[in-house]
Structures are given as structure tokens and as C-alpha cells.
Protein chains: 2
Amino acid sequence: MTTVTSSRDLPHPAREEIRLEAVLHALSDPMRLQIVRELATDGGELTCSHFDLPVTKSTTTHHFRVLRESGVIRQVYRGTAKMNGLRRDDLDDLFPGLLGTLLGAAARQAGRLGGA
Amino acid sequence: MTTVTSSRDLPHPAREEIRLEAVLHALSDPMRLQIVRELATDGGELTCSHFDLPVTKSTTTHHFRVLRESGVIRQVYRGTAKMNGLRRDDLDDLFPGLLGTLLGAAARQAGRLGGA
DNA sequence: CCCGTACTACGAGGTTTATCGTAGGAGCAG
DNA sequence: CTGCTCCTACGATAAACCTCGTAGTACGGG
């Protein structure tokens with residue numbers, strides 16, 4: 001049972017290699033924070049093309065790579081599509097509560113800025 | 001009772017102007033994260049010169065300014081010294097639990113990397 | 001008034017970053 | 001095989017960032 005999901009493989013940092021500074025830097029970009037927020041509310045995996053960001057496709061690819069290389073998301077090919085998912089398990093293990101608090105803070109700010 | 005602490009005043013963002021992205025960006029630099037960690041463990045106010053960072057004085061000034069302009073710390077002159085303190089009240093109000101979780105994550109990583 | 005201490009302002013250098021456009025590879029439907 | 005869709009790689013550009021050194025300001029002590 002070799003469970004081949006795809007042929008192309010993408011480099012991810014191991015759990016112990018994830019650095020807090022890199023995670024914070026990754027999330028300090030509005031575009032990337034938005035991506036992570038959508039991934040969190042969905043809960044599962046989303047394709048790159050699902051996101052409708054106000055930047056070109058090239059730039060979107062760049063942001064996804066920053067998120068992956070910092071250890072925030074996991075990316076895997078499925079056919080021609082590339083699925084993206086939060087590394088919730090790893091992040092919660094390394095930094096308990098961080099992801100949740102961060103998402104809460106982002107939601108709070110979004111409500112404050114965009115809300116009535 | 002005019003409680004004049006100093007003549008020079010430094011520009012701080014108001015509480016509602018503090019942006020999560022700016023806070024995360026400020027804390028994504030190892031030097032600044034270190035500063036914030038020391039300020040947190042101390043609890044009170046510390047002078048700039050108290051910190052012994054592996055960079056020049058100019059660079060240290062720069063980092064303190066980034067922290068102030070992002071709303072993470074409050075700076076005030078007291079004589080020739082400049083006192084630095086965390087804006088715990090404002091941050092806790094805007095982003096409940098964020099500062100604590102962030103400091104916890106930083107401590108955890110420091111223990112993991114530097115510890116036995 | 002002069003000097004020392006504490007911090008800043010400004011400019012420069014080198015790296016990183018965000019963004020784009022074009023060209024191209026990998027998989028799937030005919 | 002042909003085409004289509006999804007995504008990537010590369011190069012370019014302009015902005016931002018970290019770092020430094022030098023010169024300078026503000027305050028307090030003698």
C-alpha cells in the first residue's frame with residue numbers, strides 16, 4: 001500500500017524546524033493572514049485557485065510558498081490542483097494556543113475594521 | 001497638577017490604531033522579540049541602555065522605534081533616559097490573550113533551542 | 001558654562017520582500 | 001497527440017528592512 005498521492009513533492013520544514021519568528025513574519029502580511037483565515041474557517045484543504053486575492057497568480061504562488069516554508073501550511077499536489085491545509089497539529093504542539101489566539105485576534109480586528 | 005514628565009514627546013499609535021499585522025511584524029525580528037521578552041519578565045519600565053544587544057546603539061534605537069510605532073511598547077523620556085514599557089493593557093484589550101500566548105510560545109521555543 | 005551621558009537623525013550599503021509579466025511543465029479530457 | 005487548466009520558475013523592479021557610522025541634540029552635574 002504505497003498510497004501515492006502525486007509524483008511531485010514539496011519541501012516542508014519538519015515540526016522541530018519551525019521557528020516562531022518565521023511564523024510571525026509569514027502572518028504579518030495581510031494577504032497571507034487572509035489566506036490562513038480562510039483555511040482556518042474551512043477546516044479542510046483548499047486549492048490555490050479557490051482564493052480570489054487582489055494580486056496576480058504569480059504573487060499568490062509566492063505567498064503560498066512563504067506560508068509553506070515557514071511551516072504554517074502543508075501543500076500537496078492532487079492531480080493538477082494543489083491542496084493547502086493548515087498545520088494545526090504541528091503548530092498546536094509547538095506553540096499551544098498560539099494559532100487559535102492569533103486567529104481570534106485577526107477575526108476581532110476584521111470585525112472592528114469592517115463591521116458596523 | 002500638570003505632572004510634567006518630560007518636554008520631548010514621542011508619537012504613539014492610539015489603541016484603536018494598532019494593527020495586528022504591524023504587531024506580528026514587529027515581533028518577527030529576533031532582536032525585538034528578545035526585547036519584548038525582557039520587558040515582560042521585568043514587568044516595569046527599562047531604559048534603552050539596559051539592553052545588551054549584539055548590535056550598535058543606532059540599530060537598537062531603530063528596533064525600539066519599530067516596537068513603539070507598531071504599538072507594542074510605550075516610550076517616555078525621563079531626564080536623559082528613555083523608559084520602555086509593554087502596552088499590556090492596550091494589547092490585552094484589543095487582542096485578548098495574544099501577548100501572553102506569544103510570550104509563552106517564545107519562552108517555549110527558547111527552552112527548546114537553548115535548553116538541555 | 002563645559003562636559004559627559006543617553007539617545008537620535010541622517011545617509012549609505014547590502015539583503016530581503018512584494019509585485020508583476022512571460023514562458024513553461026505537469027496532469028487530465030478529448 | 002492536442003489542447004486546456006493549474007500552477008511554477010525566472011527575471012525584473014521598486015520598496016522596505018537591518019545594519020552601520022558619523023554627527024548632533026537634550027538633559028543633568030560640576
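Letters A, B, ... mirror the listed sequences (proteins, then strands); counts begin at 1.
Note on R74(A) versus D89(A): salt bridge recorded, some NZ/NE/NH1/NH2 to OD/OE distance being below 4.0 Å.
Checking dT19(C), dT19(D), dC7(C) against every side-chain atom of K57(B), the shortest atom distance belongs to dC7(C). Distances from the side chain of A81(B) to the nucleotides dC6(D), dT19(C), dC7(C) place dC7(C) closest. The S49(A) side chain lies nearest to dC6(D) when the options are dT19(C), dC6(D), dC20(D). Among the nucleotides dT19(D), dG21(D), dC7(D), the one closest to any side-chain atom of H62(B) is dT19(D). The C48(A) side chain lies nearest to dC7(D) when the options are dG21(C), dC7(C), dC7(D). Comparing dT19(C), dA18(C), dC7(C) by their closest approach to the side chain of R32(A) singles out dA18(C). Comparing dG21(D), dA18(C), dC17(D) against the side chain of H25(B) picks out dC17(D) as the nearest.
Atom CZ in R65(A) sits roughly 11 Å away from atom P in dT17(C) (whole-Å rounding). Taking atom CG of L53(B) as the reference point, atom P of dC18(D) lies 14 Å away to the nearest angstrom. Computed from coordinates, the M83(B) CE to dC27(D) P distance equals 17 Å when rounded to whole Å. Here the P atom of nucleotide dA6(C) and the CG atom of N84(B) are 14 Å apart, to the nearest Å. The nearest whole Å value for the distance from the CZ atom in F64(B) to the C1' atom in dC7(C) is 11 Å. Rounded to whole angstrom, the span from the CG atom of L67(B) across to the C1' atom of dC17(D) amounts to 14 Å. Rounded to whole angstrom, the span from the NE2 atom of H63(A) across to the C1' atom of dC20(C) amounts to 12 Å. Between the CG atom of D29(A) and the P atom of dA15(D) there is a distance of 17 Å, rounded to whole Å.
At the phosphate of dC20(C), OP1 or OP2 sits under 4.0 Å from a side-chain N or O atom of T56(A). For T59(B) and dC18(D), the shortest distance from a side-chain N or O to OP1 or OP2 is not below 4.0 Å.
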- Apply the test side-chain contact (heavy atoms from CB on, under 4.5 Å) to residues L99(A) and R88(A): give CA-CA distance (whole Å), side-chain angles for both, the deciding distance (0.1 Å), then the verdict. CA-CA 8 Å; L99(A) 191 55; R88(A) 230 185 244 278; 3.7 Å; yes
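If you take CZ on R112(B) and CD on E16(A), they are separated by 8.0 Å, rounding to the nearest 0.5 Å.
Between the base of dG28(D) and the side chain of T80(B) there is no donor-acceptor pair shorter than 3.5 Å.
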